[in-house]
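These notes are about the structure you will find just below.
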Amino acid sequence: MRRRSLLISVPAGLVTLAACGSDKSDSGKTSDSASPAPSSSPSATATSAPPPPKIVSGPLPAITAGAKFGEKPTVAKGSGQPSKDLAVKTVIAGGGRTLAENDYVQAHYLGQIWDSAKVFDNSYDRKAPLLIQLAQGTIIDGWRYALTGKKVGSRVQFAVPPTWGYGTQGNSQAGIKGTDTLVFVVDVQDAFNAKSSAKGRTVQKKDAALPTVGTATDGSAPEITLPKTAAPKKLVSEYVIEGDGPAVKADSTVLVQYKGVLWDGGKEFDSTYGRKALTSFSLQQVVKGWAQGLTGKKVGSRVLIVIPPADGYGDNPPPDSGIKKDSTLVFSVDILAAM
């Protein structure tokens with residue numbers, strides 16, 4: 001099983017796909033969205049948030065090897081006492097869009113302990129960047145404050161005191177004590193927000209008996225036009241826009257925009273666009289139609305998925321979802337990132 005990052009705190013608002021719901025929830029509350037529960041990763045303590053830190057320029061230990069963006073860095077042991085504030089330095093300035101709080105960030109990183117230079121976690125060896133939301137309760141606060149305002153393409157180094165890390169309890173699984181200051185080097189590869197869309201070439205529709213999905217990529221919800229034909233009996237998964245990213249694997253965690261409607265009547269029952277909040281989930285935690293429909297599709301794509309009852313909710317739809325028994329579901333899904 002793929003090792004999960006030690007940085008992650010349990011995200012709010014993620015429930016199983018067996019609980020689709022309305023668009024009345026907001027991104028800061030637990031929602032009945034069509035997304036799965038997270039795995040039991042080590043999490044930050046669920047206590048009241050500390051005040052924002054003062055951000056200073058140092059001290060920070062030297063990066064002694066792996067100086068290029070995307071290379072695994074080697075970082076020296078901290079010298080003397082670390083700052084009690086949040087020390088942040090842009091080592092390499094990127095030219096991409098500026099990160100904002102609540103954005104999702106895709107990044108490679110290395111984390112080590114100031115006093116010992118012990119590396120407790122890094123994504124470079126896993127060859128899989130972290131995909132995480134810069135939101136309170138989703139990742140340790142030091143990351144949130146250090147990366148907000150930085151640009152995609154940047155390498156950022158920062159030192160996080162316990163107050164904005166794991167607090168006085170530390171993280172025993174990672175060998176982090178409650179007095180440890182943590183040093184991170186982060187290569188920000190990409191970022192996504194509620195206006196993010198698929199990027200790629202439009203694929204001509206071949207089957208008139210399938211729904212038509214709009215191809216606008218301005219962050220607005222695509223139109224889904226249903227044909228006046230019977231619903232297909234088997235799962236359908238077709239490109240609307242084909243991206244050029246890597247293919248999604250059966251055990252991938254994906255970040256998506258999506259809209260779901262009923263084949264019969266076209267009623268919308270769920271949408272990230274309506275909530276103005278992206279959704280991230282593992283394909284091992286969703287209904288069969290989603291898992292099979294997205295596996296093998298390229299990151300950056302918009303995919304039409306038509307899910308017959310046998311691959312969806314069958315005769316047991318989620319309560320208060322607006323989905324009747326034995327409903328065929330139609331989704332437009334933008335695959336923004338995968339890990």
Heavy-atom check, side chain of S220 versus side chain of K195, under 4.5 Å: no
4.5 Å side-chain heavy-atom contact, W263 and L329: no
Please report, to 0.1 Å, the donor-acceptor pairs under 3.5 Å made by any side chain of residues 177-186, with sequence neighbours excluded.
| from | atom 1 | to | atom 2 | distance (Å) |
| --- | --- | --- | --- | --- |
| K177 | NZ | D180 | OD1 | 3.4 |
| D180 | OD2 | K177 | N | 2.7 |

Results of side chain to side chain donor-acceptor pair (under 3.5 Å) for S123 - residues two or more places apart only: H108
Any residue meeting side chain to side chain donor-acceptor pair (under 3.5 Å) with Q257, in chain and number order, not counting sequence neighbours: T272
Closest heavy-atom pair and its distance - I63, G66: CG2-O, 4.4 Å
Selection residues 73-87 - residue pairs positive for side chain to side chain donor-acceptor pair (under 3.5 Å), sequence neighbours left out: none
Distance-minimising heavy-atom pair for F281 and V256: CE2-CG2, 3.7 Å
Salt bridge (charged side-chain N to carboxylate O under 4.0 Å, His left out) partners for K199, two or more places apart: none
Non-hydrogen atoms of Y104 and S280 that approach each other most closely: CE2-CB, 4.0 Å
Heavy-atom side-chain proximity of P129 to Y124 below 4.5 angstrom: no
Ion pair K325/D315, N-O distance below 4.0 Å: no
Taking every non-hydrogen atom, the tightest pair across L226 and L262: CD1-O, 3.4 Å
Trace of the ring pair (Phe, Tyr, Trp, His ring centres under 6.0 Å) decision for W290 with Y258: CA-CA 11 Å; W290 266 74; Y258 70 87; 5.3 Å; yes
Side chains of L235 and V306 in contact at under 4.5 Å (non-hydrogen atoms): no
Transitive ILVMFWY side-chain link V156 to V56, under 4.5 Å: no
P53 to Y145 - nearest heavy-atom pair and separation: CD-CD1, 3.3 Å
Ring pair (Phe, Tyr, Trp, His ring centres under 6.0 Å) against F192, all qualifying residues, sequence neighbours excluded: none
Salt bridge (charged side-chain N to carboxylate O under 4.0 Å, His left out) contacts in which one or both residues fall within residues 222-237, not counting sequence neighbours: none
By salt bridge (charged side-chain N to carboxylate O under 4.0 Å, His left out) - contacts of D190 (at least two apart): none
Main-chain N/O of G94 paired with S154 side-chain donor or acceptor, under 3.5 Å: yes
Stepwise salt bridge (charged side-chain N to carboxylate O under 4.0 Å, His left out) test for R275 and D270: CA-CA 9 Å; R275 289 192 298 275; D270 199 13; 2.6 Å; yes
V330 side chain near V261 side chain, heavy-atom distance below 4.5 Å: yes
By salt bridge (charged side-chain N to carboxylate O under 4.0 Å, His left out) - contacts of E101 (at least two apart): R144
Distance-only criterion, 3.5 Å: show the donor-acceptor pairs between side-chain atoms of residues 294-302 and protein atoms not counting sequence neighbours.
| from | atom 1 | to | atom 2 | distance (Å) |
| --- | --- | --- | --- | --- |
| T295 | OG1 | A291 | O | 2.6 |
| K297 | NZ | S237 | OG | 3.2 |
| K298 | NZ | E242 | OE2 | 2.9 |
| S301 | OG | G243 | N | 2.8 |
| S301 | OG | K298 | O | 2.8 |
| R302 | NE | D334 | OD1 | 2.6 |
| R302 | NH1 | G214 | O | 2.7 |
| R302 | NH1 | A216 | O | 3.0 |
| R302 | NH2 | A216 | O | 3.0 |
| R302 | NH2 | D334 | OD2 | 3.0 |

Candidate pair I139 and I132, rule side-chain contact (heavy atoms from CB on, under 4.5 Å), full reasoning: CA-CA 7 Å; I139 196 166; I132 193 71; 3.7 Å; yes
Residues which pass salt bridge (charged side-chain N to carboxylate O under 4.0 Å, His left out) with K72, listed by chain and number, not counting sequence neighbours: D125
Non-hydrogen atoms of L283 and K249 that approach each other most closely: CD1-O, 3.5 Å
Partners passing side chain to side chain donor-acceptor pair (under 3.5 Å) against Y273 (at least two apart in sequence or in another chain): none
I224 side chain near T212 side chain, heavy-atom distance below 4.5 Å: no
